[in-house]
Amino acid sequence: MITGFLVRPDLTHNLVEFELDSAAQFLGGISQDRVAVAFQEGGTDYAALFNPEAKSNGAEPNPVASLGRNAAATGNAAFFSDPTAAICGTVIFVGAEGEDITLDDIRRVKDGIRAVRNYQEDQPEDYRLWRAAVLNMGQLRID
């Protein structure tokens, strides 16, 4: 069993224990993917397990996972700069190699949650525009 830290798009969170091959049951789908995330500049990378089909299925963007993905990919902790790289739906954070997440790691993810909450309060229009862009990109409309 692996211990992970589950974070939903509404920022609610909890610890979960699961087998790596059954993580999809927590993610709202039958498939899963993983991406590197970070929550401090030059800090430790973690893995975020997510459902790659969540965006096309209309799931809400996960701002914490999206923030972490951007920081890991670019080294820049700028908020929500790329809606095309946003992660949608519930995620489970685990160690970089799929191992248990530690209490120190959870504290860093919680710092990311606090940063997102502050951003949502301080920059509500920017956040609303980012969220709308992510949701619009996830929709496939054929007329």
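Predicted, not measured: the structure shown is a model, and the values here were computed from it.
- In this structure, Tyr127 and Tyr119 have perpendicular ring planes: the angle between them is above 60°, well past the 30° mark.
- Residues Ile92 and Gly4 share a closest heavy-atom pair of CG2-CA, 3.8 Å.
- With Ser66 contributing its side chain and Ile87 its backbone, the two residues share a donor-acceptor pair below 3.5 Å.
- Minimum heavy-atom separation, Trp130 to Ala86: CZ2-CB, 3.8 Å.
- Applying the salt bridge (Lys or Arg N to Asp or Glu O under 4.0 Å) definition to pairs two or more places apart or across chains, those involving residues 84-105 are Asp104-Arg107, Asp105-Arg108.
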Quiz item: Can you check side-chain contact (heavy atoms from CB on, under 4.5 Å) on Leu49 and Val91, steps first, answer last?
Solution: CA-CA 5 Å; Leu49 307 177; Val91 300; over 6 Å; no
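- Distance check: Ile101 CD1 to Thr3 OG1 gives 9.5 Å after rounding to the nearest 0.5 Å.
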Practice problem: Report the C-alpha separation of Phe18 and Val94 in whole Å, then their side-chain angles, then the decisive distance to 0.1 Å, and conclude whether the side-chain contact (heavy atoms from CB on, under 4.5 Å) test is met. | Solution: CA-CA 11 Å; Phe18 62 98; Val94 295; 3.8 Å; yes
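- A distance of 5.5 Å separates CE in Met1 from CD in Glu19, rounded to the nearest 0.5 Å.
- Here the straight-line distance linking atom CG of Asn62 with atom CG of Leu67 works out to 10.0 Å at 0.5 Å rounding.
- Within the 4.5 Å cutoff, the side chain of Phe93 has heavy atoms near those of the Val37 side chain.
- Interatomic distance, His13 NE2 to Asp10 CG, rounded to the nearest 0.5 Å: 10.5 Å.
- Leu15 is connected to Ile113 through a chain of hydrophobic side-chain contacts under 4.5 Å among Ile, Leu, Val, Met, Phe, Trp and Tyr, so both are in one cluster.
- Applying the salt bridge (Lys or Arg N to Asp or Glu O under 4.0 Å) test to pairs two or more places apart or on separate chains, none has a residue in residues 64-73.
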Self-check item: Arg8/Asn14 under side-chain contact (heavy atoms from CB on, under 4.5 Å): CA gap, chis, key distance, verdict
Solution: CA-CA 9 Å; Arg8 295 169 195 85; Asn14 58 282; 2.8 Å; yes
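- Closest of all the heavy-atom pairs between Ala59 and Leu135 is O-CD2, 3.6 Å.
- Between Ala54 and Cys88, the closest heavy-atom pair is CB-O, 3.4 Å.
- The nearest pair of heavy atoms linking Gln120 to Pro63 is NE2-CG, 4.3 Å.
- Between Leu6 and Thr90, some side-chain heavy-atom pair lies under the 4.5 Å cut-off.
- Here the closest heavy-atom approach between residue Ala72 and residue Ala36 is recorded as CB-O, 3.5 Å.
- Taken to the nearest 0.5 Å, the CZ atom of Arg131 stands 4.0 Å off from the CD atom of Glu60.
- For Asn51 (side chain) and Glu53 (main-chain N/O), a donor-acceptor pair under 3.5 Å exists by modelled atom type.
- The closest side-chain heavy-atom distance from Arg117 to Leu11 is below 4.5 Å.
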